[in-house]
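We count ligands from 1, going down the list as the structure has it; atoms in each ligand are counted the same way.
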Amino acid sequence: MTQAIVIEKTDETQTATLRDIDLPPLAEGEVAVDVAYSTLNYKDALALTGAAPVVRSFPMVPGIDLAGIVRESLHPDYAPGDRVVLNGWSVGEKFWGGLGARAHLRGEWLVPLPEGISMRQAMAIGTAGYTAMLCVMALEDNGVTPESGEVVVTGASGGVGSVAIALLAAKGYTVAAVTGRESEAEYLKSLGASSIVAREELTGKPRALNKERWAGAIDVVGSTVLANLLSMMKYSGTVAACGLAGGMDLPSSVAPFILRGVTLAGVDSVMCPRPRRIEAWQRLARDLDMDKLESMVVEVALDDVIATAPKFLDGQVRGRIVVPVAPGIG
Ligand code: NDP
């Protein structure tokens, strides 16, 4: 038996409880991991509240992230005692996830934790931070350099936004932070933002083209905000789009693409191929200022996770939530 949060559904009613469960026996190619830390991401909040159909099989242990120690391995690449991190691969959606004391996972989903990152730091980064790194890599792949001009980050006070600002600032980019929370301006500047842009500047009816402002953008909001960003990109600019905090739609036109050569680069962390994940984690170990990361962290105990989830959907969460499951083991 192991303790975990379990989401169940009967008829139209979804419930989440913290209770003991039996894990199925370890299958060939799987690894049993004792979870030291997990986290809460926006997607976990959607799963826990049932606000969107994130969970595709019930009962489900949510938690799209975990960091822990291998207890038993039926996979040739892992042995007991290895420190590993897991993000995505539909874990917490289709396969039992990280918000519990132990998880049985496919070996090929795991990434060995790079030297220099503790398990707590790995979960302070979590899917949000690893996605921020993928977004920065997408800008770099498309030729956006610190010399290209200002880079803008939307949903700046949230998990992806906070880590993206710290990563960009560390690389010498001038960063504009878009936020709906004026009260977070000092926090965003402490992470490395040079200027604060009020969210309202990006929520009006999008025009096909607007005055050119930014060389690069990392967008977690989607919808009208993304459409406005596209219309404001400089010639040859790139937007790395990863989120839908403001909606799934995109009320834009082709004008930014065909008249300004703007690139819209999609970023997906869930099925991202393993070599790119490993590169992203190595870059995080090298480039992320761990003091800034610590300033983003709030710890929430496993017993308080279910009550905390709705705060994400109200846009009340700042930075990253870390869930210490068994901190003593790592
Ligand atoms: P958070 O909730 O931590 O941050 C989202 C931020 O967006 C909020 O803090 C707020 O920032 C802003 N925001 C919230 N609601 C709205 C709204 N209605 N309109 C405009 N801005 C809003 O979430 P994460 O950073 O963890 O994730 C952000 C998004 O990225 C989510 O949609 C998530 O699903 C997606 N995501 C996608 C991944 C992928 O693989 N593609 C991986 C990880 C996340 P502020 O108050 O500063 O404006």
Approximate separation, where rounding is to 0.5 Å, of Phe312 CZ and Leu46 CG: 9.5 Å
Report the distance from atom CG of Leu188 to atom CD1 of Ile165, rounding to the nearest 0.5 Å. 5.0 Å
Give a yes or no on whether Met1 atom CE has more than 12 heavy-atom contacts from other residues, nucleotides or ligands under 6.0 Å away. yes
Using a 6.0 Å cut-off, check whether atom CZ of Arg274 has over 12 heavy atoms from anything other than its own residue. yes
For [atom], which of the options [options] provides the nearest non-hydrogen atom?
atom: atom 4 (O) of ligand 1; options: Gly155, Ala45, Gly158; value: Gly158
atom: atom 27 (O) of ligand 1; options: Leu244, Val160, Asn87; value: Val160
atom: atom 3 (O) of ligand 1; options: Gly180, Ser269, Gly247, Gly159; value: Gly159

Among protein heavy atoms, which lies nearest [atom], and at what distance?
atom: atom 43 (C) of ligand 1; value: Thr131 OG1, 3.6 Å
atom: atom 45 (P) of ligand 1; value: Thr179 OG1, 3.4 Å
atom: atom 34 (O) of ligand 1; value: Tyr42 CD2, 3.5 Å
atom: atom 29 (C) of ligand 1; value: Val220 O, 3.5 Å
atom: atom 13 (N) of ligand 1; value: Arg199 NH2, 3.5 Å
atom: atom 16 (C) of ligand 1; value: Ala245 O, 3.7 Å

Heavy-atom contact under 4.0 Å between [X] and ligand 1?
X: Val221; value: yes
X: Val267; value: yes
X: Arg181; value: yes
X: Glu184; value: no

Using a strict cut-off of 4.0 Å, indicate which atoms of ligand 1 neighbour a heavy atom of [X].
X: Gly243; value: 29 (C), 30 (O), 32 (O), 35 (C)
X: Thr127; value: 42 (C), 43 (C)
X: Gly246; value: 17 (C), 18 (N), 19 (N)
X: Phe312; value: 2 (O), 3 (O)

Ignoring hydrogens and geometry beyond distance, is a side-chain donor-acceptor pair present between Trp109 and Asn87 at under 3.5 Å? no
Are Thr145 and Ser148 linked by a side-chain donor-acceptor pair shorter than 3.5 Å? yes
Run the side-chain contact (heavy atoms from CB on, under 4.5 Å) test on Ile125 and Met133 for me, step by step, so that the C-alpha distance in whole Å, both residues' side-chain angles and the decisive distance to 0.1 Å come before the verdict. CA-CA 10 Å; Ile125 294 167; Met133 188 74 247; over 6 Å; no
Might you point out which heavy atoms bring [X] and [Y] nearest each other, and give the distance in Å?
X: Gly155; Y: Val220; value: CA-CG2, 3.7 Å
X: Leu288; Y: Ala166; value: CD1-CB, 3.9 Å
X: Glu212; Y: Tyr235; value: OE1-N, 2.9 Å

Residues Glu93, Lys43; criterion salt bridge (charged side-chain N to carboxylate O under 4.0 Å, His left out); working and verdict: CA-CA 9 Å; Glu93 302 175 58; Lys43 192 185 269 180; 3.1 Å; yes
Side chain or backbone, does [X] bring an N or O within less than 3.5 Å of an N or O on ligand 1?
X: Lys43; answer: no
X: Asn41; answer: no
X: Cys242; answer: yes

Verdict with supporting geometry, Cys272 and Leu134, side-chain contact (heavy atoms from CB on, under 4.5 Å): CA-CA 9 Å; Cys272 174; Leu134 292 176; 4.0 Å; yes
